[in-house]
Amino acid sequence: MALIPEQYEKAGRITREVREVVKSGVEVGMSYLQACELVEKEIASRGGKPAFPVGIGVNQVTAHYAPGEDDRSVFKESDLIKVDFGVHVDGYVADSAVSVTFNPDYDLIMEVAERALNAAISTVKNEKRTGEIGGEIHKEAARFGFKTIQNLTGHTLDRYVVHAGKSIPNLYMPGTQSLKKGDVFAIEPFVTFAKAAGYVVDGPTATIFSLVARKKTGKADLDAFVARVWDDRKTLPFTPRWYSDGGGEEKVKGIVGQLVAKRVMRAYPTLVEASGYPVAQFEHTMALDEGGLRILT
Ligand SMILES: [Co+2]
């Protein structure tokens, strides 16, 4: 067996192509929902599946927001927009994010976030400690007068698992694990302004969920939904919009809420920069293969 399963190559190629569609397709006046549906359509047409719900993070909304079907929000000229999406092929996940803005005030922060990602990538090698990669990310952001989000990290990936064992922080951390040959992982600098708090807090809502385990509850409607999600997603995240069947999301949300209370499912609250400052993000997935580092996305 190859060190890196070949499905990662296809997931990565689809991700690269869809990212180009996102960069040219996101425009002022487009709704968050339209952006998600565009990404979902482009992934499906290339033979992939979404690894998790498309995240639309506008300004201080930093991660884990997937618009529901009743969300009428549209992109504004003043916004700093992050589109975070993933593609899986047979459960093998490629994860990527890109920022888009029409506001020249955010040109520099966008450039710095992308530079921080590239600075991190250039130092990755076998046995590199994840906390040292975080140090590179932070150093590059600080060089331009910005800070990084201290409680969001990149992560290793595994089959049907988006956040596997190792985290790749966005600042220096001592005593961390090392990346090893065979690891597939995403690096994702989140960069914000120097005056910001520099960390995220849970927002009031959750729009993204996943199965913890395939457990029976004894309630027919709940068990049927668990079986459906397991068949479709295994433990990969989902959003209720995908299961509304045209009948509105409220019923699905009710079932999901009960399953979260029973700890059969978990909720991922929307994450917001604590002081309300905008955040820029870029992300690539890569692998430490026999020949060294291979960028998949
Ligand atoms: Co990620």
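Keep in mind that this is a model prediction, so the values were computed, not measured. Hydrogens, waters and symmetry mates play no part in the numbers below; they use all other heavy atoms, side chains included. When a ligand or atom number is given, it counts from 1 through the structure's own listing order.
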Linked, directly or transitively: F75 and V39 (ILVMFWY side chains, under 4.5 Å):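 Yes; V39 is reachable from F75 via cluster members.
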N, O or S from H155 under 2.8 Å to the Co ion (ligand 1):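 A backbone or side-chain N, O or S atom of H155 is under 2.8 Å from the Co ion (ligand 1).
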Whether E283 has an N, O or S atom under 2.8 Å from the Co ion (ligand 1):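 So E283 does bind the Co ion (ligand 1) by this criterion.
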Aromatic rings [X] and [Y]: how do their planes relate, parallel, tilted or perpendicular, breaks at 30° and 60°?
| X | Y | value |
| --- | --- | --- |
| F193 | F146 | tilted |
| F238 | F209 | tilted |
| Y92 | Y8 | perpendicular |

Minimum-distance N/O/S atom that E188 presents toward the Co ion (ligand 1):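 Nearest to the Co ion (ligand 1) within E188's N, O and S set: OE2.
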Name of whichever N/O/S atom of D95 is nearest to the Co ion (ligand 1):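 Nearest N/O/S atom of D95: OD2.
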